[in-house]
Amino acid sequence: MDLAPFKLDIDELLDDYAKEHCMSFTDFKRAWMAKKFSYIYEGRPKTNSGVFMQSLFLHCIGHMASQSSLSQRLAGLYCLYCLYECQPYKPHFKIYLSLEESKQLKEFIVEAKQRGIGLVPALVKRMLDKGMFLFGFINLLGDHGAKQVDELNAFQTKRVKLACDKLFANTQIGRYTHTDLGEELELDTIKKLSMDYAKAKELALTEVSQTVDVEDAKHILQNDKLLGDRVEEIVKEWDAQKEEFYQNTGVSPGDELAVVDNDEPGEFLYENDSHAELAVIDNDKSGEFYDENDGFDELDQLLLE
């Protein structure tokens with residue numbers, strides 16, 4: 001998997017932003033949209049999606065944690081946020097952040113606040129609230145081993161699987177989505193009993209016909225379908241509907257979570273320059289406002305745990 005072109009595109013976007021000595025997210029959003037940068041995902045690989053996303057995230061973190069200019073580091077943080085929000089995967093791949101990178105992020109927040117850039121702590125607060133980060137101890141910066149990224153991706157998938165298990169455990173929907181109707185109704189027993197009944201009915205009518213006229217009763221034997229056959233059709237219809245449910249929801253019989261592509265672009269946030277506040281527009285079109293001083297204590301607490 002050659003990720004060099006994607007990283008070069010990110011470098012070019014960040015360099016263009018830094019050349020103007022910009023600081024605000026509004027300017028970065030303008031540069032992003034001018035380049036139509038959301039289309040970076042159009043050329044994404046069909047496999048190893050986790051490796052692909054973590055590689056892009058790590059490249060942005062590398063810019064943010066570098067010794068470059070403040071504009072370049074701000075661009076790294078802004079790009080990290082936008083790449084997460086615009087990714088076409090559901091559920092979103094989280095941003096892996098090692099302990100060392102978390103400390104660097106804390107120091108970056110302190111520096112930004114000292115320079116009067118209140119948007120940085122507000123943005124990090126937003127990212128923490130949305131659960132964008134996956135914290136760990138292994139520092140992946142400078143390590144291009146795909147194996148470690150795969151392990152992180154597997155760990156995240158395991159956590160999602162555990163959440164699904166808890167969601168479906170001991171619930172009516174869980175019981176119905178995994179019900180084997182044939183076993184529940186004892187289909188084999190019903191088919192055997194209905195077959196035995198049909199044979200007994202035919203035998204009885206044959207014996208009675210030797211002594212009396214049964215012409216008017218022969219219609220009893222002309223029933224096209226046995227009860228067992230009718231129940232079997234119901235079971236097949238149930239199985240078909242259950243399979244359709246699995247396909248439509250992405251849930252499998254084993255409660256495994258399926259990744260579904262979503263081509264809808266992510267939402268952006270915008271900055272009110274006069275009050276240095278952060279307004280975030282969610283996909284449900286409702287706005288939420290965060291105070292610029294919030295979020296720092298949460299990050300500090302996560303680092304101490």
Side-chain angles (χ1 to χ4, degrees), residues 1-14 16-17 25 28-64 75-97 123 126-134 140 144 146 148-161 163-164 167 245-252 255-270 280-288:
M1 185 191 311
D2 185 14
L3 299 178
F6 297 96
K7 294 179 180 180
L8 288 174
D9 287 341
I10 293 175
D11 291 341
E12 182 181 345
L13 173 66
L14 270 54
D16 289 347
Y17 177 82
F25 183 83
F28 181 82
K29 185 180 74 171
R30 188 179 300 113
W32 176 289
M33 297 181 69
K35 289 182 175 292
K36 296 183 168 55
F37 209 75
S38 296
Y39 286 104
I40 189 173
Y41 291 119
E42 292 298 316
R44 66 184 183 274
K46 301 298 183 183
T47 58
N48 295 328
S49 301
V51 176
F52 170 69
M53 288 304 305
Q54 293 301 335
S55 297
L56 298 188
F57 292 156
L58 284 172
H59 194 62
C60 292
I61 292 173
H63 280 280
M64 183 183 67
L77 176 63
Y78 296 156
C79 189
L80 181 66
Y81 176 86
C82 293
L83 286 174
Y84 177 91
E85 287 287 16
C86 294
Q87 64 176 289
Y89 304 105
K90 295 292 183 180
H92 282 4
F93 286 104
K94 291 182 180 292
I95 302 168
Y96 178 80
L97 209 62
L123 180 59
R126 171 64 176 171
M127 297 172 80
L128 286 170
D129 287 344
K130 293 193 68 174
M132 293 185 182
F133 294 115
L134 177 64
L140 296 182
H144 301 288
Q148 289 182 323
V149 180
D150 287 337
E151 290 176 353
L152 291 172
N153 187 34
F155 176 69
Q156 178 183 345
T157 303
K158 183 178 179 181
R159 294 183 64 184
V160 175
K161 174 68 165 56
C164 285
L167 177 63
F245 170 79
Y246 293 149
Q247 294 176 357
N248 291 339
T249 60
V251 177
S252 72
D255 279 345
E256 297 176 358
L257 195 64
V259 176
V260 181
D261 278 355
N262 180 8
D263 293 330
E264 294 180 1
E267 298 289 344
F268 282 97
L269 53 81
Y270 64 91
V280 180
I281 303 178
D282 286 330
N283 288 332
D284 60 1
K285 307 305 180 186
S286 60
E288 297 180 15

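This one's a predicted model, so the numbers in the text were calculated from it and none came from an experiment. Heavy atoms only: backbone and side chains are in, while hydrogens, waters and symmetry mates are out.
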Practice item. Evaluate the criterion side chain to side chain contact (heavy atoms under 4.5 Å, CB included) for residue pair Leu83 and His59; output intermediate values, then yes/no. Key: CA-CA 11 Å; Leu83 286 174; His59 194 62; over 6 Å; no
Exercise for review: Mind running side chain to side chain contact (heavy atoms under 4.5 Å, CB included) on Cys82 and Phe37 for me, showing each step along the way?
Suggested key: CA-CA 10 Å; Cys82 293; Phe37 209 75; over 6 Å; no
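Rounded to the nearest 0.5 Å, atoms CE (Met132) and CG (Leu97) are 13.0 Å apart. Taking CD from Glu85 and CZ from Arg126, the interatomic distance works out to 6.5 Å, rounded to the nearest 0.5 Å. The NZ atom of Lys94 sits 13.0 Å away from atom CE of Met53, with the distance rounded to the nearest 0.5 Å. Going from atom CG of Leu8 over to atom CG of Leu13 covers 12.5 Å, rounded to the nearest 0.5 Å. In this structure, the separation between CG on Asp11 and CG on Asp16 is 11.0 Å, given to the nearest 0.5 Å.
In this structure Arg159 satisfies the side-chain hydrogen bond (donor to acceptor under 3.5 Å, both in side chains) test with no other residue, sequence neighbours excluded. Applying the side-chain hydrogen bond (donor to acceptor under 3.5 Å, both in side chains) test to Asp9 and every residue at least two apart in sequence or in another chain returns nothing. Phe57 pairs by the ring-ring contact (aromatic ring centres under 6.0 Å, His included) definition with nothing, not counting sequence neighbours. When the ring-ring contact (aromatic ring centres under 6.0 Å, His included) test is applied to Phe6, the partners found at least two apart in sequence or on another chain are Phe52. Contacts of His92 classified as side-chain contact (heavy atoms from CB on, under 4.5 Å), with partners at least two apart in sequence or in another chain: Tyr84, Gln87, Lys90.
With respect to Cys60, the side-chain contact (heavy atoms from CB on, under 4.5 Å) criterion is satisfied by exactly one of Leu80, Ile95, Leu14: Leu80.
The side-chain heavy atoms of His63 and Cys79, taken from C-beta on, include no pair separated by under 4.5 Å.
The aromatic rings of Trp32 and Phe28 sit tilted relative to each other, their planes meeting at an angle between 30° and 60°.
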